[in-house]
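Whatever order the structure lists ligands and atoms in, that order sets their numbers, starting from 1. When a residue number appears, it is its place in the shown sequence, counting from 1. None of the values given here were measured: they were computed from a predicted structure.
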Amino acid sequence: MNAPSSNQRILVGVSGGIAAYKAVVLVRRLIEAGCEVRVVMTEAATRFVAPLTFQAVSGHPVRTTLLDAEAESGMDHIALARWADAVVVAPASADLMARLANGLADDLLTTLCLATDAPVHLAPAMNRQMWAHPATQANHARLIEHGVTLLGPAAGAQACGETGEGRMLEPDAIVDALLANDQQDLAGRHVVVTAAGTREPIDPVRFIANRSSGRMGFALADDAARRGAVVTLVAGPSTLPTPARVERIDVETAQQMQTAVESIGVTDIFVGAAAVADFRLAAPVDHKLKKSGETLSLELVPNPDIIRGVAERSGRPFVIGFAAETDHVREYAAAKRVAKGMDLICANEVGPGKGFDRPDNALLLLWEGGERELAQADKRHLAGEIFDTYHQITQDRDDASS
Ligand code: CTP
């Protein structure tokens, strides 16, 4: 079997137990597999292995305490929880399992496990009787109920001299389990994503804008990067943080967005998730407009259609677009897909409490000869489904042409 490879960001938590020394090998193996690793240790873990050892192996300072003002001024614990693609606690002691099963957040590691929305894996390591104790087994069951994945423990000789179940899984087995479902199915592809709304100036202090938050586009850029793509995100004004491993080009107007998209050149996949203003002022005013008591008319001219331009290129990429509609969603979206030359359109209903400026959405995906409904879900989940659908469509096309 080939060594797994990944570009995941993995937070390794180390709790107190003799198996902590094996976590050093785990960190090393993860880095060899291409992962970026940050290590957090409990106080008890530092009695077994010095934080400096993990710092040397991971290449980053090790965090041990929650209320460390200096460390918090760098990447604070919430940022660290968000940074992680996955968390693995190895070894996970009986005490750590008990605290996590009860939702305690009494040190940095347990706080991170609660604060992250990344998958949490535990590799338990303890004496066989501690593992078999009904309290530990109840905690085990509860953790699984909470969505935590338990890796091991294995059975065999234990540090205490006994033999039985409770040994920590070997580092290589933990790495295999962690990276087993790591899809690098966009590796080698260049993905360009437009996101957020554009702003069309009226005068130096006013502009025409819309309700798009950029969440969908940023989630798509993030997901593509996690799957190994080279990603360029062309973003209208947005306060969202740039996803890791994504190159971001900030723009304001539709014309700037088009220029940025054109400057990128050849790509494999283009995703138009931006809510591009259809119109701009024919002549933005260079000074602040004053009210005169009269009505004010602004002359608007159409903006370039960015996605249509991409779809008309020779050697065009696979084009994914969006349709925000208040009514006749399926009908309007199907027509829009064909009119703009998109391979796949993701349609959603917008209006009060729907679509824009929300973390979740429901989508109807339409392509030539197929469709798929995605129920209301987090936009990050939807992003994954959209790229899965891209794979399905290209696979079907390959099958049809062979
Ligand atoms: N789009 C674009 N450039 C524009 C307008 C839209 O690239 N000037 C893209 C959007 O990013 C989206 C898709 O086109 O992927 C659909 O945009 P939408 O505004 O819903 O469609 P319109 O063509 O503007 O149609 P209408 O406003 O009439 O519904």
**Complete:** Looking only at non-hydrogen atoms, the one of Val261, Ile306, Val350 nearest atom 3 (N) of ligand 1 is Ile306
**Asked** Which one of Lys340, Arg337, Lys336 has a non-hydrogen atom at the shortest distance from atom 29 (O) of ligand 1?
**Response** Lys336
**Request:** Examine ligand 1 and decide if any of its atoms is less than 4.0 Å from a heavy atom belonging to Ala324.
**Result:** yes
**Asked** If you measure from each heavy atom of Pro304 to ligand 1, is any distance below 4.0 Å?
**Response** yes
**Asked** Where does Asp278 meet ligand 1, judged by heavy-atom distances below 4.0 Å: at the side chain, the backbone, both, or neither?
**Response** side chain
Contact check: [X] vs ligand 1, nitrogen or oxygen atoms, below 3.5 angstrom:
| X | value |
| --- | --- |
| Ala323 | no |
| Gly321 | no |
| Gly272 | yes |
| Val276 | no |

Are the side chain of [X] and the backbone N or O of [Y] linked by a donor-acceptor pair below 3.5 Å?
| X | Y | result |
| --- | --- | --- |
| His121 | Val87 | yes |
| Glu371 | Leu364 | no |
| Asp222 | Pro243 | no |

**Request:** Note the single closest protein heavy atom to atom 13 (C) of ligand 1, along with its residue, its atom name and the distance in Å.
**Result:** Phe322 O, 3.0 Å
**Prompt:** Looking at atom 7 (O) of ligand 1, what's its closest protein heavy atom, distance included?
**Reply:** Ile307 N, 2.9 Å
**Request:** Answer with yes or no whether the side chains of His133 and Gln129 bring together a donor and an acceptor at under 3.5 Å.
**Result:** no
**Request:** Mind running salt bridge (Lys or Arg N to Asp or Glu O under 4.0 Å) on Arg29 and Glu32 for me, showing each step along the way?
**Result:** CA-CA 5 Å; Arg29 293 279 184 273; Glu32 284 166 0; 3.5 Å; yes
**Item:** salt bridge (Lys or Arg N to Asp or Glu O under 4.0 Å) evaluation trace for Arg227 with Asp388
**Value:** CA-CA 11 Å; Arg227 291 168 178 239; Asp388 286 349; 2.7 Å; yes
**Fill in**
Ala274 heavy atoms within 4.0 Å reach ligand 1 at atoms 10 (C), 11 (O)
**Prompt:** Does Arg313 come within less than 4.0 Å of Glu262, counting only side-chain N to carboxylate O?
**Reply:** no
**Prompt:** Would Thr394 and Tyr390 count as a side chain to side chain contact (heavy atoms under 4.5 Å, CB included) if you check the C-alpha gap in whole Å, the side-chain angles of each, and the deciding distance to 0.1 Å?
**Reply:** CA-CA 6 Å; Thr394 50; Tyr390 153 79; 3.6 Å; yes
